[in-house]
Amino acid sequence: MKIATWNINGVRARIENLVHWLGESDPDIVCLQEIKSVDEQFPRAEIEALGYNVKTHGQKGFNGVALLSKLPFDEVNRGLPGDDTDEQARFIEGVFSTNEGALRVVSLYLPNGNPIDDPIKFPYKLSWMARLERWAQERLELEEALVLAGDYNVILQPIDARNPQAWVNDALFQPQSRQALRQLINLGFTEAIRAVTDEADIYSFWDYQGGAWQKNNGIRIDHLLLSPEAANRFGSAFIEKHVRAWEKPSDHVPVAIQLDLKAA
DNA sequence: ATGGCTGGATCGTCCAGA
């Protein structure tokens with residue numbers, strides 16, 4: 001089973017790229033972020049025509065996440081618990097049946113948090129991460145295959161940026177952000193790409209500005225975290241970098257894993 | 001890069017992103 005995550009930066013602006021990529025990559029489950037669309041305007045017909053079930057958690061103008069799946073959904077949950085006043089659409093969970101039991105897949109879009117001296121934005125990022133850790137701790141008690149996939153907006157290590165010193169005053173590279181993601185992973189998750197390689201210079205985001213793509217001036221912030229039960233079925237992980245060279249690209253590329261699981 | 005691109009909302013120009 002192939003599971004992919006992709007910050008698509010506007011699903012309506014990117015629908016041609018998305019359809020082409022789905023045909024080429026042929027994932028079973030897709031986690032999308034930054035769909036920048038309300039549910040009613042999500043281009044579901046084009047995606048359903050390719051054999052996918054579509055579940056969205058949209059929002060007007062920005063944010064918004066979605067799950068696409070060739071497997072039927074047993075359950076869908078929208079929104080990260082822990083703060084009833086949080087109206088930003090950044091989290092959707094789907095549950096599926098496999099030959100090994102339940103599979104839970106989350107598409108998450110972690111807050112950017114910039115600028116770091118903003119009274120709202122950076123604290124919101126950190127409190128969102130604390131809520132995510134509490135949620136993950138509860139889910140791990142189920143001892144099920146769980147994949148937490150998405151745009152984490154955190155540069156975990158210096159090797160995850162081409163120019164780490166350029167990010168020292170950025171919310172993505174603050175010690176608190178990195179510590180919070182480290183703490184989440186240390187609950188017992190496996191970060192899929194680092195499970196297969198220690199190499200530097202592998203990125204998932206390149207800014208539109210300053211010729212970042214041409215210079216390979218990127219950062220690696222899109223991750224798939226696997227619970228122990230998912231990690232036991234882990235086969236491979238890869239970044240679909242070539243998608244960044246397409247016409248009208250997202251500034252992020254898809255990151256995917258192969259799990260040794262089958263639909264029930 | 002105190003951001004020189006892009007998408008979205010809206011219809012001239014601002015917000016948000018990372």
Side-chain angles (χ1 to χ4, degrees), chain A residues 5-19 21 31-43 46 56-66 86-91 107-126 128-129 132 149-178 180-181 201-223 239 241 243-255:
Chain A
T5 180
W6 190 13
N7 179 323
I8 198 163
N9 188 19
V11 69
R12 286 171 291 156
R14 213 75 60 209
I15 185 61
E16 283 185 30
N17 276 13
L18 177 59
V19 165
W21 172 73
C31 305
L32 296 178
Q33 301 88 37
E34 274 203 277
I35 62 174
K36 295 185 176 180
S37 172
V38 292
D39 297 336
E40 299 72 37
Q41 291 179 355
F42 190 95
E46 293 92 322
T56 62
H57 186 210
Q59 181 177 347
K60 186 176 179 180
F62 56 108
N63 298 333
V65 289
D86 184 2
E87 293 180 343
Q88 299 195 32
R90 298 180 172 276
F91 184 98
S107 177
L108 68 89
Y109 177 44
L110 211 143
N112 173 298
N114 279 305
I116 55 176
D117 56 0
D118 186 280
I120 306 284
K121 294 190 171 184
F122 191 54
Y124 174 61
K125 180 187 190 115
L126 296 179
W128 205 94
M129 296 185 83
L132 179 62
D151 177 358
Y152 281 75
N153 268 322
V154 175
I155 301 165
L156 193 57
Q157 301 185 81
I159 59 166
D160 296 317
R162 178 61 175 265
N163 297 120
Q165 59 293 1
W167 296 91
V168 293
N169 292 317
D170 194 286
L172 279 64
F173 198 51
Q174 288 310 292
Q176 300 102 306
S177 310
R178 297 168 62 195
L181 181 51
D201 264 356
I202 52 169
Y203 307 120
S204 64
F205 168 91
W206 296 260
D207 202 297
Y208 289 122
Q209 304 181 63
W213 166 245
Q214 288 74 14
K215 298 179 202 163
N216 196 27
N217 179 16
I219 53 178
R220 197 176 69 87
I221 57 175
D222 298 273
H223 304 298
I239 299 176
K241 181 178 179 179
V243 174
R244 187 63 175 78
W246 290 358
E247 287 295 311
K248 237 172 119 30
S250 169
D251 39 10
H252 297 249
V253 295
V255 184

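Within every chain, numbering begins at 1; the chains are lettered A, B, ... in the order of the sequence lines, protein sequences first and strands thereafter.
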_Test item: side-chain donor near acceptor, D39(A) and T56(A), under 3.5 Å_ = yes
*Return the 5'-most residue of the pair S37(A), N7(A) with respect to DNA chain B, ranking by each residue's nearest nucleotide.*
S37(A)
*Over how many whole Å does the gap from N169(A) atom CG to dT2(B) atom C1' extend?*
12 Å
*Rounded distance in Å - CD (E40(A)) to P (dG8(B))*: 16 Å
*Grab the CZ-P distance between F122(A) and dA18(B) for me, whole Å please.*
15 Å
_Within the 4.0 Å heavy-atom criterion, would you say R220(A) contacts the bases, only the backbone, or no part of the nucleic acid?_
nothing
*asked:* Between P on dA18(B) and CG on D222(A), what's the gap in Å once rounded to a whole number?
replied: 9 Å
_Is there a side-chain contact between H252(A) and the phosphate of dA18(B), meaning an N or O under 4.0 Å from OP1 or OP2?_
yes
*With heavy atoms under 4.0 Å as the rule, sort D151(A) into base, sugar-phosphate or nothing.*
sugar-phosphate
*Of V154(A), L110(A), N112(A), which is the lone residue that meets side chain to side chain contact (heavy atoms under 4.5 Å, CB included) with L172(A)?*
N112(A)
_Taking the nucleotide of DNA chain B with the nearest heavy atom to each, does G113(A) or Q59(A) sit closer to the 5' end?_
Q59(A)
*How about Y124(A) and D118(A): does a side-chain donor come under 3.5 Å of a side-chain acceptor?*
no
*Rounded to whole angstrom, note down the P distance from dC15(B) over to dG4(B).*
14 Å
*Q157(A) CD: over 12 foreign heavy atoms closer than 6.0 Å*: yes
*asked:* Less than 4.0 angstrom between a side-chain N/O of Y109(A) and OP1 or OP2 of dA18(B), yes or no?
replied: yes
_Between dG8(B) (C1') and F42(A) (CZ): distance, integer Å_ = 16 Å
_Going by ring-ring contact (aromatic ring centres under 6.0 Å, His included), name the residues that satisfy it together with Y109(A), two or more places apart in sequence or in a different chain._
none
*Side-chain donor or acceptor of S107(A) paired with backbone N/O of L32(A) under 3.5 Å*: yes
*When rounded to the nearest Å, what value does the distance between P atoms of dT2(B) and dT13(B) take?*
26 Å
_Distance in angstrom units between K125(A) NZ and dA18(B) P, rounded_ = 9 Å
*dA18(B) base / N153(A) side chain donor-acceptor hit below 3.5 Å*: no
*asked:* What is the separation between atom NZ on K121(A) and atom C1' on dA18(B), rounded to the nearest whole Å?
replied: 11 Å
*asked:* Taking 4.0 Å as the cut-off, does a side-chain nitrogen or oxygen of R12(A) come that near to OP1 or OP2 on dA9(B)?
replied: yes
_In whole Å, measure the gap between the C1' atoms of dA1(B) and dC11(B) for me._
31 Å
*Hey, does the side chain of N112(A) come within less than 4.0 Å of dA18(B)'s phosphate (OP1/OP2), counting only N and O?*
yes
Under-3.5 Å N/O pairs linking protein and nucleotides 4-6 of chain B:
residue, atom, partner, partner atom, Å
dC5(B), OP1, G210(A), N, 3.4

*If you measure only the distance, is there a donor-acceptor pair under 3.5 Å linking the side chains of N63(A) and R90(A)?*
yes
_Roughly how many Å apart are dC14(B) and dG3(B), using the C1' atom of each and rounding to a whole number?_
15 Å
*Sub-6.0 Å ring centroid separation between W21(A) and W6(A)*: yes
*asked:* Nearest whole Å is fine: how far is dA1(B) P from N217(A) CG?
replied: 10 Å
